[in-house]
Amino acid sequence: MFIVAQQKTWTPSDVMKISQVAEFSTAPDGNKIAFIKTLPREFSDKPGADYRELYVYDVQSQKINSLISGKNSLSSIKWGVDGKSIYFLARLGDAKSTQVYSISSSGGSSKVVTSSTNSISQYQLHPNGNSISYISTEGHTTKKKALLDKGFDAEFYEEEYFDLNLYIHDIKSNEAKRLTTGFSVFDFSWSPDGHHIAAFIANKNLVDDSYMYKNIFLVNPENGLKTRIVETPGKLSSMAWSPDSKHLAFIAGVDVNDPVSGSLFSVEVNNPKPFGELRNYTKDFIGSVTGIDWLDNETIIYSSEESVYNTIRKQKLNDDKSELILHPGKSAVTRFEFANNKIVMSGNTAQHPNELFSLDVKDGSLKRLTFSNEWMNDFKFSKQEKISYKAKDGLQIEGVLIYPLDYTEGTRYPLITYIHGGPEASVSDGWLTGYGSWGQVASAKGYFLFAPNYRASSGRGVEFSKMDRGDLVGAEFEDVIDGIDYLIGNGMVDKNKVGIGGGSYGGYFSAWGATKYTDRFAAAVTFVGVSNQISKAHTTDIPFEDYAVHWGIWPFENFELYLDRSPVKYAHKSKTPTLILHGKEDPRVHPAQSLELYRIMKLHSKAPVRLVLYPGEGHGNRKNTSRYDYLVRTLEWFDYYLKSDKPKNSIPEKYIDFDVE
């Protein structure tokens with residue numbers, strides 16, 4: 001007689017125990033990898049984000065050494081030039097601002113390196129290791145400080161931002177000088193020869209400027225003078241110098257209307273032309289570039305989204321075609337870097353969140369280096385796969401489908417339709433279990449979880465990502481309906497037990513499903529979502545981005561269209577029980593968007609509705625308590641309306657008995 005251990009099934013409390021690799025940095029010789037791993041915050045502590053611990057992985061011995069553990073928050077780890085020290089950003093002890101610290105890779109105490117008046121947001125060591133460049137702000141003027149001291153605290157909206165200035169800190173003398181003023185530096189990178197600083201610069205430190213108005217400049221490290229080296233096509237996201245400092249590769253949109261910064265460009269920095277000669281290597285690429293580095297002076301390597309898979313490719317400067325290194329389906333890549341003939345990457349699969357991997361450049365073999373959640377070995381995982389179907393107009397739509405645990409063919413199950421935000425984003429066939437995406441927890445409760453990459457998503461090329469421009473919740477929403485009908489038609493889903501949920505643009509979709517398409521959905525969860533496109537356009541912190549890449553017109557040019565694509569227009573007809581959740585400090589989608597939807601439904605519809613606000617949260621929940629509340633509360637909502645026999649015109653108890661220690 002054999003005794004088989006019973007495998008555990010996922011619950012919301014299990015999600016709050018997950019650790020994962022948050023970031024990493026490879027030593028110059030490639031023999032050690034520093035990495036930060038998240039440490040779940042206990043509910044007995046003050047609410048907040050996960051803690052972050054620092055470790056070093058020794059490539060030869062395959063052993064992991066803990067450098068900084070416990071209740072700390074660290075970020076931006078980088079190796080010193082000598083390969084003996086590790087630098088990072090933190091606010092340790094009684095420090096009043098975030099500074100650069102260093103610690104020996106062999107262990108010991110950390111020490112503060114910089115003494116910036118205000119917090120440092122980014123930094124990089126000079127290639128010679130003698131100085132640190134960093135981004136920070138100057139803070140309030142003397143006059144403003146005097147007014148604040150007297151209690152005059154009136155705020156001037158979008159007029160009192162602080163420029164993001166670039167500084168150079170001499171490590172030996174412990175003195176810093178400000179290099180730039182009068183504009184904002186959002187990202188920068190030293191050339192390997194130490195002669196140039198490439199920087200993403202916009203005139204103002206405002207969110208819309210960071211999205212849409214950045215250009216690439218060279219900043220003189222001696223006097224701070226800036227020279228534009230390229231006429232930026234659109235959005236910008238990252239850059240990397242060639243080892244010989246002659247070329248700069250970067251990721252950008254193809255034009256100002258491109259929603260996704262997902263095309264690969266390079267420019268010869270020493271080209272005598274005014275803006276250099278720009279080359280786009282991904283004109284016909286059916287995917288979106290997500291990260292870049294250099295293999296050698298003539299070869300760029302880049303990660304990308306391709307449908308629901310992630311890849312790594314290499315691209316010769318003078319070639320038209322790229323070559324696969326990491327093939328689709330092996331791991332969902334979140335970050336990678338090349339050092340001393342090794343590619344190190346963080347990635348995830350359907351069975352685990354982000355871990356460290358090494359990737360062989362020659363044969364594409366992948367080796368997992370860290371195992372952060374050994375306790376998951378006791379858990380049972382549901383089947384997860386890529387799904388493909390045809391939309392009404394014949395366009396191929398793809399996404400990810402997670403089956404109910406212990407799925408029985410021929411049985412119809414309830415469905416949660418998870419809608420990703422953006423819409424310039426996509427769902428990869430990797431780890432999909434989090435506070436806002438449900439994943440294996442929903443599956444363990446007996447749901448299908450369907451995550452469609454509707455038109456306008458990334459990962460399918462520029463043309464695909466532009467398909468919703470001027471047609472929000474038009475054909476793109478029909479893609480979702482077509483996917484649901486595909487599952488119903490295959491005998492997998494009960495058409496009377498279909499739910500929809502998501503955050504941001506996913507919240508907008510969910511509100512649209514609960515109002516315009518109320519006959520199709522038995523429950524909806526809308527998180528930080530849009531309900532009134534007219535007022536959203538006039539209150540968001542990214543108005544030009546919204547106009548340029550999504551609408552193509554301003555509200556006053558066609559109020560009727562903006563209103564027609566707003567859930568509030570149809571909310572009075574809703575029959576769908578709708579749970580609305582929002583961060584009270586959200587600058588992207590003002591909380592009034594949720595209040596509008598709630599008020600109309602409460603006054604005029606027959607649908608059960610509840611509005612939950614999260615104090616201190618913005619466009620997404622950061623605190624562990626807020627995340628856990630969201631996960632438990634939303635699943636309870638779906639359970640109540642998609643699975644229980646309770647009256648569908650009633651509403652669940654508002655206070656939940658949370659399973660926390």
Side-chain angles (χ1 to χ4, degrees), residues 12-23 36-54 70-77 88-92 95-98 119-122 207 210-211 334-335 346 348 353-354 372 418-422 425 431-439 441 501-508 510 525-530 540-542 579-594 611-635 656 658 660:
S13 60
D14 296 319
V15 176
M16 306 308 293
K17 299 174 185 176
I18 294 173
S19 295
Q20 60 182 319
V21 172
E23 58 176 272
I36 288 176
K37 186 172 72 172
T38 61
L39 173 67
R41 182 184 290 254
E42 297 178 356
F43 288 105
S44 57
D45 292 347
K46 181 180 178 181
D50 285 347
Y51 301 115
R52 295 158 71 94
E53 301 180 313
L54 178 61
K71 300 176 181 181
N72 296 294
S73 182
L74 318 169
S75 65
S76 302
I77 51 174
F88 58 91
L89 287 178
R91 183 183 298 182
L92 302 181
K96 296 182 179 180
S97 58
T98 300
S119 289
I120 293 172
S121 58
Q122 292 185 52
V207 178
S210 73
Y211 271 50
T334 53
R335 188 173 174 271
S346 55
N348 58 79
N354 283 338
S372 302
Y418 167 69
I419 308 296
H420 70 71
W431 185 251
L432 296 180
T433 303
Y435 90 91
S437 54
W438 303 298
V441 183
S504 193
Y505 207 79
Y508 173 41
S510 301
V525 168
T526 173
F527 182 43
V528 294
V530 178
T540 184
D541 60 355
I542 51 170
L579 177 61
I580 308 167
L581 311 99
H582 216 119
K584 288 187 73 174
E585 322 303 328
D586 188 353
R588 186 69 30 83
V589 178
H590 196 278
Q593 291 290 309
S594 286
L611 172 61
V612 178
L613 298 174
Y614 292 107
E617 300 288 11
H619 197 59
N621 289 349
R622 182 189 64 87
K623 294 184 292 187
N624 58 336
T625 48
S626 300
R627 289 186 169 194
Y628 190 55
D629 181 279
Y630 178 90
L631 178 57
V632 175
R633 190 176 299 281
T634 54
L635 284 170
I656 298 173
F658 293 105
V660 297

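- No side-chain donor from either of S75 and R52 sits under 3.5 Å from a side-chain acceptor of the other.
- Under a 3.5 Å cut-off, the side chain of R41 and the backbone N or O of A49 do form a donor-acceptor pair.
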- Steps toward side chain to side chain contact (heavy atoms under 4.5 Å, CB included) verdict (N624, M16): CA-CA 8 Å; N624 58 336; M16 306 308 293; 4.1 Å; yes
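- Between Y508 and V589 there is no side-chain heavy-atom pair separated by less than 4.5 Å.
- Closest heavy-atom contact between R627 and R622: NE-O, 3.8 Å.
- Distance alone, capped at 3.5 Å, places no donor-acceptor pair between the Q20 side chain and the T38 backbone.
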Walk me through it: do D629 and T625 pass the test side chain to side chain contact (heavy atoms under 4.5 Å, CB included)? CA-CA 6 Å; D629 181 279; T625 48; over 6 Å; no
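- Note on ring orientation: taking the six-membered ring where Trp is involved, the planes of Y418 and W438 are perpendicular (angle over 60°, cut-offs 30° and 60°).
- Listed for the E23 side chain is a donor-acceptor partner under 3.5 Å among the backbone atoms of S76.
- Taking the side chain as every heavy atom from C-beta outward, Y435 and P12 never approach each other to under 4.5 Å.
- Closest of all the heavy-atom pairs between P40 and S19 is CD-OG, 3.3 Å.
- Between E617 and S626, the closest heavy-atom pair is OE2-OG, 2.9 Å.
- Once rounded to the nearest 0.5 Å, the distance linking CG of D14 with CG of L631 reads 10.0 Å.
- A distance of 11.0 Å separates CD1 in I18 from OG in S372, rounded to the nearest 0.5 Å.
- Using a distance-only test at 3.5 Å, with no hydrogens or angles considered, no donor-acceptor pair links the side chain of E53 to the main chain of N72.
- D541 places no side-chain N or O within donor-acceptor distance of the main-chain N or O of V207, the cut-off being under 3.5 Å.
- In plain terms, the two heavy atoms of V15 and T433 that are nearest each other are CG2-CG2, 3.8 Å.
- Side-chain atoms of N621 do not come within 3.5 Å of backbone N or O of K623 as any donor-acceptor pair.
- Of the inter-residue distances, the one linking L579 atom CG with R633 atom CZ reads 7.5 Å to the nearest 0.5 angstrom.
- Nearest heavy atom pair, residue N348 against residue W431, reads OD1-N, 2.8 Å.
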Report task. Go through Y505 and I419 one step at a time and tell me if the side chain to side chain contact (heavy atoms under 4.5 Å, CB included) criterion holds. Result -> CA-CA 8 Å; Y505 207 79; I419 308 296; 5.8 Å; no
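- Note that CD of E42 and NZ of K71 are 6.0 Å apart. Values are rounded to the nearest 0.5 Å.
- Not a single donor-acceptor pair under 3.5 Å links the side chain of S510 to the backbone N or O of T526.
- Here CG of N354 is found 4.0 Å from OG1 of T334. Values are rounded to the nearest 0.5 Å.
- One finds the CG atom of L611 at 8.0 Å from the CG atom of L581 (value rounded to the nearest 0.5 Å).
- In terms of heavy-atom proximity, Y630 sits nearest to F527 at CE1-CG, 3.5 Å.
- You'll find the side chain of I77 reaches within 4.5 Å of the side chain of F88, heavy atoms only.
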Determine, step by step, whether F43 and F658 satisfy the ring-ring contact (aromatic ring centres under 6.0 Å, His included) criterion, reporting the C-alpha distance in whole Å, the side-chain angles of both residues, the deciding distance to 0.1 Å, and the verdict. CA-CA 11 Å; F43 288 105; F658 293 105; 8.2 Å; no
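- H582 contributes no side-chain N or O that, together with a main-chain N or O of Q593, makes up a donor-acceptor pair within less than 3.5 Å.
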